[in-house]
K.L.:
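Once you've had a glance at the structure underneath, I'll fire off some questions.
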Amino acid sequence: MKSAKRYPFLALQQQRFTLHFSNQSSAANTPAERDFYRWAWQALKNEYRRAQISIILLDETEARAYNRDYRGKDYATNVLSFALNEGEDLPAPHLSDGLFGDLIICPQVVLKEAAEQGKTPAQHFAHLTLHGVLHLMGYDHIEDDEAEAMETLEIRLLNQLAYPNPYAQDEI
């Protein structure tokens, strides 16, 4: 018996969310595609009927080039988000056709930050994947009130995934 017949939820989930995943990084011990799928799904499942997201893992040189070319910052960063309709006024999620965008994640930066912050790699990858998807959804952290709303949502979503508050050390 096919798993979709035994588990109709999985078939519905696959109709609603497609992840295009490419690991072009040389970093060892990066999470599996299914982990990135689970983390991204957690962020968008209650807001969008359909979503198509690409997650590309790139080494520092390539990630730096994207950050320089598209953000004007000449360094490799942990995650970059590119919404398909970036800069446009977005309708309420329940009215939109779906969420479409790309995330570029640099595992070397994520692993370095995780070690510096005393987090497991999985905790930090999960947080940054959720963070990037929330940016695709229109969340931002430029203004203090926007940052507080985004952080509160990240904490709640990570808690639902059984990960601790990523900002706890900042509050000490």
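The analysis underlying the following values was restricted to heavy atoms, covering all of them including side chains, and did not include hydrogens, waters or symmetry mates.
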K.L.:
Is the shortest side-chain heavy-atom distance between E154 and Y139 below 4.5 Å?
P.N.:
no

K.L.:
Taking the side chain as every heavy atom from C-beta outward, state whether F21 and L57 have any atom pair closer than 4.5 Å.
P.N.:
yes

K.L.:
P121 versus N29: any side-chain heavy-atom pair under 4.5 Å?
P.N.:
no

K.L.:
Closest approach of L44 and A51, non-hydrogen atoms and distance?
P.N.:
CD2-CB, 3.8 Å

K.L.:
With a 4.5 Å cut-off on side-chain heavy atoms, are L58 and Y66 touching?
P.N.:
yes

K.L.:
Between L111 and F125, is there a side-chain heavy-atom distance shorter than 4.5 Å?
P.N.:
yes

K.L.:
What closest approach, in Å, do G132 and V79 show between heavy atoms, and which atom pair accounts for it?
P.N.:
CA-CG2, 4.3 Å

K.L.:
Are Y70 and Y75 grouped together when hydrophobic residues (ILVMFWY) are joined by side-chain heavy atoms under 4.5 angstrom apart?
P.N.:
no

K.L.:
Which pair of heavy atoms, one from S81 and one from H135, lies closest together, and at what distance?
P.N.:
OG-CB, 3.2 Å

K.L.:
For residues R16 and K45, report the shortest heavy-atom separation together with the two atoms involved.
P.N.:
NH2-O, 2.7 Å

K.L.:
List the atom of K119, the atom of Q117, and the distance in Å for their closest heavy-atom pair.
P.N.:
NZ-OE1, 2.7 Å

K.L.:
Does the side chain of I105 reach to within under 4.5 Å of the side chain of T30, using non-hydrogen atoms?
P.N.:
no

K.L.:
Would you say E62 and Q24 make side-chain contact, with heavy atoms under 4.5 Å?
P.N.:
no

K.L.:
Only counting residues at least two apart or in another chain, list the ones meeting salt bridge (charged side-chain N to carboxylate O under 4.0 Å, His left out) with D74.
P.N.:
R64, R68

K.L.:
Using 0.5 Å steps for rounding, measure from the OG1 atom of T152 to the CG atom of N165.
P.N.:
9.5 Å

K.L.:
For D102 and F82, indicate whether the former's side chain and the latter's backbone hold a donor-acceptor pair under 3.5 Å.
P.N.:
no

K.L.:
Any side-chain donor-acceptor pair under 3.5 Å between Q42 and Q160?
P.N.:
yes

K.L.:
Is any side-chain heavy atom of I53 less than 4.5 Å from a side-chain heavy atom of L136?
P.N.:
yes

K.L.:
Are there over 12 heavy-atom neighbours, none belonging to D145, within less than 6.0 Å of that residue's CG?
P.N.:
yes

K.L.:
Does the separation of the ring centres of Y37 and F17 fall below 6.0 angstrom?
P.N.:
yes

K.L.:
Only counting residues at least two apart or in another chain, list the ones meeting salt bridge (charged side-chain N to carboxylate O under 4.0 Å, His left out) with K112.
P.N.:
E116

K.L.:
Would you call the rings of H127 and H131 parallel, tilted or perpendicular if under 30° counts as parallel and over 60° as perpendicular?
P.N.:
perpendicular

K.L.:
How long is the gap from CD1 on I155 to CG on N159, to the nearest 0.5 Å?
P.N.:
9.5 Å

K.L.:
If every non-hydrogen atom of A43 is compared with every non-hydrogen atom of L130, which pair is closest and at what distance?
P.N.:
CB-CD2, 3.5 Å

